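On a predicted model such as this, the values are computed, not experimentally measured, just so you know. Worth knowing before you read on, the calculation uses all heavy atoms, side chains too, and leaves out hydrogens, waters and symmetry mates. Just follow the structure's listing: the first ligand is 1, and inside any ligand the first atom is 1.
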Amino acid sequence: MQLPREVIVGDDVLGKVGETCTRLGFSGSVLIVTDANVQSIGAAPAHASLQSSGFKVQEVLVEASSLPQVRQVEREIEKFKPSVVAGVGGGRDIDVAKLSSANKGIPFLSIPTAASHDGIASPVVSMKGYSKPYSFMAQAPIAIMADVGIIARAPIRMLASGCGDVVGKYTSVRDWRLAHRIKNEYYGDYAADLALMSARLVMRNAHIMKAMSETGIRTVVEALVSCGVAMSIAGSSRPCSGAEHLFSHALDVTAPHPALHGEQVGVGTIMCAYLHGANWQLIRDVLRRIGAPTSARELGIEDKHVIKALTIAHKIRPDRYTILGDKGLTKEAAERVAQVTGVVE
Ligand code: ZN
């Protein structure tokens, strides 16, 4: 079980990256993995802080979470021999930094500039270029440093997406229990409760998210970190990824222009809650209050792509048993669930 040693959430966190790396026992050089959009607001202050603590710093820019980018960063690691790799930015930066450092046996520091999904704290990566569009284990971050001031400057849509990812645990934990009962799959109460508690925390605070207040951002970041820890404890993404995630991964395949991960997961959660016979109206109302999408139209995706995604979701990852069962939904069943829940018209 790998767990983060430090979680720092607050103001001017980026100015403390250097002293934090020193405290964690690192020395010599640090490789920063970032992208052009966040280089000046995220990587630059982290870079300056590391330099003033005496570290040699190298930056590498990535454009996508893809295999070639992971290989590129691995080559930089071989050349530069950093003591730690820092991912500074959104999903792709964090994922590429996490996987390349894990492959090279170097610790990884997570410095998210948006609170849009639980990859900021989990040992899991989501990567394109592999045979299946889903996530797999890499390594947990040695520390997570979330600067509330920087995260507040990201579009509100990113925070709403993070909320959607957390609310998804309402059904992913139900799927896990189902797999335990039907397939005798290992089930861990502690990891499941941690994931569910995060979902409850975000649901209870749904009304404060639109204001992008410090309390709201802290709530989401802490919930995302708890989800990441739940996955570390379970040793897989099981507690945090059920049919609502399979639906989102399937939409990434069927929709020409997919929405954000957490936005799609949120809409998937409404429909999966319906299939579980749970309170799907509660999920829909919470997402509305947050300002997250609750329908295909709000996702900017045509109804037909949503229906198609529902019918193929069970094939994305056949080893992950969910409420969709081994055979998945028929087109008629998919249309019914999407219509009853108001996801399609
Ligand atoms: Zn997710």
Asker: Can you name the N, O or S atom of His261 that is closest to the Zn ion (ligand 1)?
Answerer: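 The Zn ion (ligand 1) is closest to the His261 atom NE2, counting only N, O or S.
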Asker: Decide side chain to side chain donor-acceptor pair (under 3.5 Å) for Gln58 and Ser29; before the verdict, give the C-alpha distance in whole Å, the side-chain angles of both, and the deciding distance to 0.1 Å.
Answerer: CA-CA 8 Å; Gln58 172 101 345; Ser29 57; over 6 Å; no
Asker: By side chain to side chain donor-acceptor pair (under 3.5 Å), which residues pair with Asp93, not counting sequence neighbours?
Answerer: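 Result, side chain to side chain donor-acceptor pair (under 3.5 Å) vs Asp93: none returned.
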Asker: Do Val57 and Phe108 sit in the same hydrophobic cluster, where Ile, Leu, Val, Met, Phe, Trp and Tyr count as joined when their side-chain heavy atoms come under 4.5 Å apart?
Answerer: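 No, Val57 does not connect to Phe108 through the hydrophobic network.
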Asker: Does any N, O or S atom in His245 come within less than 2.8 Å of the Zn ion (ligand 1)?
Answerer: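 Yes.
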Asker: Which single N/O/S atom of Asp165 lies at minimum distance from the Zn ion (ligand 1)?
Answerer: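 It is OD1 of Asp165.
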Asker: Once rounded to the nearest 0.5 Å, what's the spacing between atom CG of Leu99 and atom CZ of Arg71?
Answerer: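 Spacing of CG (Leu99) from CZ (Arg71) equals 7.5 Å.
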